[in-house]
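Below, all heavy atoms of this structure are taken into account, side chains as well, without hydrogens, waters or symmetry copies. A note on names: the letters A, B, ... follow the listed sequences, proteins ahead of strands, and every chain is numbered from 1.
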Protein chains: 2
Amino acid sequence: MPPATVARLPGYLRALEATAASGAVLTSSEELARRAGVTSAQLRKDLSHLGSYGRRGVGYDVQHLREQITVALGLSDVRRVLLVGVGNLGHALANYAGIAERGFALVGLVDADPAVVGTTVAGLVVEPADDLAGVVARTGATIAVLTTPAEVAQRVCDELVAAGVVGVLTFAPGALRVPPHVDVRAVDVASELQILAFHDRARGAGGGAS
Amino acid sequence: MPPATVARLPGYLRALEATAASGAVLTSSEELARRAGVTSAQLRKDLSHLGSYGRRGVGYDVQHLREQITVALGLSDVRRVLLVGVGNLGHALANYAGIAERGFALVGLVDADPAVVGTTVAGLVVEPADDLAGVVARTGATIAVLTTPAEVAQRVCDELVAAGVVGVLTFAPGALRVPPHVDVRAVDVASELQILAFHDRARGAGGGAS
DNA sequence: TAGATTGTTAATCGATTAACAATC
DNA sequence: TAGATTGTTAATCGATTAACAATC
């Protein structure tokens, strides 16, 4: 399955859920693509990698396609997620309902700050960072969300990987080095803004006359 | 400039800042690539689009390259950023120091909740959502960060665009429709986790025997 | 000069797009 | 059957990689 396709599947899943909520039983590549913000050709091509069973002349069964994508993404089993770094951002993410809604269980919170350890956030007691391996083992977490300061991100990541985590979503700026069997996704807010600045640049810095 | 290159420039900038902090005056494509997590061939290729002036046999002048990338990304002028949606996540982002550190000015906060409007967050007074156009005009914001509930994201986005915003960074799940002159970057935490789940999937759901 | 390292070229690879035959 | 819509094919496009000539 092409990586670019995998990266779009969550968007299709969401679009399907919106379609299902509207009560529709069937949908078309045209409608679904519009909702997901891609072309219908792209959508059909992507779904073809799933060995999808739409019906020519008819369209896709909403619930069936939803299940197909859910299985393909590996969301049939609930994945256990550990969050490391309960600062402002970590706190916000821990309380983010979308995580549980979309098939994940937040099973642990870890922080290095003694003032934070022991407090309850999102129904979980924050555990100390010096027992990272223990927390991973006890919770069975396979995915970690990293919201630590950039300076410690690599070290924490190394410990997580050593403890058995195979997927890391990091919000710390800077590249993380991991072994080949581990998957890293990086969200860097400042980088995103800088990319937007690039496009803004061409349009003049003054805000423009209307 | 290829989009893929633009998307990597912020990473190079950050790598250069780390290099500068270490006191080095010169660097090589090899070293910089290692820091940025790409190959040296990729880095040189990317920099070639800047018309970069490294010196063969010598390397790159750290400060000079830093300025080149800063100019290329349009970061010579400070971009004004407006944040809409001061919930958990919006609050965290408003207080995120990295935004100011990396060349942006947070110039306004907006929320629809009367209980939040009027409070001070990150040194700014939260303004009411019904005056979105006015806030954009007064602040001269060209970039907006969207941390509203998904249900209102499209409507808020439309208003921002109508008011003159040309770049939107959205954290709300779901595709945003915008006119061609507007640039959207989307961060979807749940989608990122689902992509990680895909890779986790292949490795078995049990946590694995060690 | 000899060693190092860039900038560029050419080859490869993967992703997107458009068109249409298959088929419901 | 006629109309609709998929799944697939082939063409295009863009991005990555590897190698090396240029040159400091």
Side-chain angles (χ1 to χ4, degrees), chain A residues 1-12 15-16 19 24-69 72 175 180 183-184 191 195 198-199, chain B residues 1-12 15-16 19 24-69 72 175 180 183-184 191 195 198-199:
Chain A
M1 178 110 61
T5 294
V6 173
R8 278 187 296 264
L9 291 182
Y12 299 158
L16 276 169
T19 306
V25 170
L26 287 172
T27 187
S28 66
S29 63
E30 197 62 55
E31 185 200 350
L32 202 55
R34 197 165 0 92
R35 281 198 204 259
V38 302
T39 66
S40 64
Q42 172 114 260
L43 180 93
R44 289 199 302 279
K45 182 95 218 197
D46 283 337
L47 294 188
S48 78
H49 293 293
L50 296 180
S52 146
Y53 279 70
R55 282 166 66 201
R56 297 177 200 236
V58 178
Y60 300 91
D61 180 282
V62 173
Q63 291 306 335
H64 182 223
L65 187 53
R66 204 172 154 179
E67 272 159 42
Q68 282 192 304
I69 296 178
D183 198 27
V184 173
S191 285
I195 294 166
F198 172 82
H199 295 276
Chain B
M1 178 112 59
T5 295
V6 173
R8 280 187 295 266
L9 291 181
Y12 299 158
L16 276 169
T19 308
V25 169
L26 286 172
T27 187
S28 66
S29 62
E30 198 63 55
E31 186 200 350
L32 202 54
R34 197 166 358 91
R35 280 197 205 259
V38 301
T39 66
S40 65
Q42 171 114 260
L43 180 93
R44 290 200 301 280
K45 180 95 214 193
D46 283 337
L47 294 187
S48 78
H49 293 293
L50 296 180
S52 147
Y53 279 70
R55 281 165 66 199
R56 296 175 201 239
V58 178
Y60 300 90
D61 180 283
V62 174
Q63 291 306 336
H64 182 223
L65 186 53
R66 204 172 153 179
E67 272 161 41
Q68 281 192 305
I69 296 179
D183 199 26
V184 173
S191 285
I195 295 166
F198 172 82
H199 295 277

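Put simply, Y53(A) has no side-chain N or O that comes within less than 4.0 Å of OP1 or OP2 on dT5(D).
Between V62(A) and L16(A), the shortest heavy-atom distance links the atoms CG1-O, 3.8 Å. Contact record, Y53(B) with H64(B): CB-CE1, 4.0 Å, taken as the closest heavy-atom pair.
Of the residues in residues 41-48 of chain B, A41(B), Q42(B), R44(B), K45(B) come within less than 4.0 Å of DNA chain D through at least one heavy atom, sorted by number.
Atom NE2 of H49(B) and atom C1' of dT9(C) are 13 Å apart (whole Å). Rounded to a whole Å, the CD atom of E31(A) is 15 Å from the C1' atom of dA4(D). Nucleotide dA4(D) holds its P atom 16 Å from the CG atom of L26(A), rounded to whole Å. Rounded to an integer number of Å, the gap from D61(B) CG to dT6(C) C1' is 15 Å. Between L32(B) atom CG and dA4(C) atom P the separation is 20 Å, expressed in whole Å. Whole-Å rounding puts the R8(A) CZ to dA15(C) C1' distance at 8 Å. Rounded to a whole Å, the CE atom of M1(A) is 16 Å from the P atom of dG14(C). The nearest whole Å value for the distance from the CD atom in E30(A) to the C1' atom in dG7(D) is 15 Å.
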Give every pair of a protein N or O atom and an N or O atom of nucleotides 21-23 of chain C that lie under 3.5 Å apart, one pair per line with the distance.
from	atom 1	to	atom 2	distance (Å)
dA22(C)	N3	R56(A)	NH1	3.1

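Residues meeting the salt bridge (charged side-chain N to carboxylate O under 4.0 Å, His left out) test with R8(A), sequence neighbours left out: D46(A). Judged as a side chain to side chain contact (heavy atoms under 4.5 Å, CB included), and not counting sequence neighbours, the contacts of V58(B) are L26(B), R55(B). Annotation: side chain to side chain contact (heavy atoms under 4.5 Å, CB included) contacts of H49(A) (sequence neighbours excluded): M1(A), P2(A), T5(A), K45(A). The side chain to side chain contact (heavy atoms under 4.5 Å, CB included) search around S48(B) returns none, not counting sequence neighbours. Partners of A175(A) according to the side chain to side chain contact (heavy atoms under 4.5 Å, CB included) rule, which considers only residues two or more places apart in sequence or in another chain, do not exist here. S28(B) meets the side-chain hydrogen bond (donor to acceptor under 3.5 Å, both in side chains) test with no other residue; sequence neighbours excluded. In this view, R35(B) and E31(B) satisfy the salt bridge (charged side-chain N to carboxylate O under 4.0 Å, His left out) rule, not counting sequence neighbours.
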Exercise for review: With pairs defined as Watson-Crick or G-U wobble and both distances under 3.5 angstrom, please note down DNA chain D as a dot-bracket string, | for pairing with another strand.
Suggested key: ..||||||||||||||||||||||
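Between A4(A) and G54(B), it is G54(B) whose nearest contact on DNA chain C lies nearer the 5' terminus. Comparing P2(B) and S29(A) against DNA chain D, the residue whose closest nucleotide sits nearer the 5' end is S29(A).
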Review point. Does the side-chain contact (heavy atoms from CB on, under 4.5 Å) test come out yes or no for R66(A) and Y60(A), once each step is laid out?
Key: CA-CA 10 Å; R66(A) 204 172 154 179; Y60(A) 300 91; over 6 Å; no
Review point. Could you go step by step and tell me if Y12(A) and V38(A) meet the side-chain contact (heavy atoms from CB on, under 4.5 Å) rule?
Key: CA-CA 10 Å; Y12(A) 299 158; V38(A) 302; 3.8 Å; yes
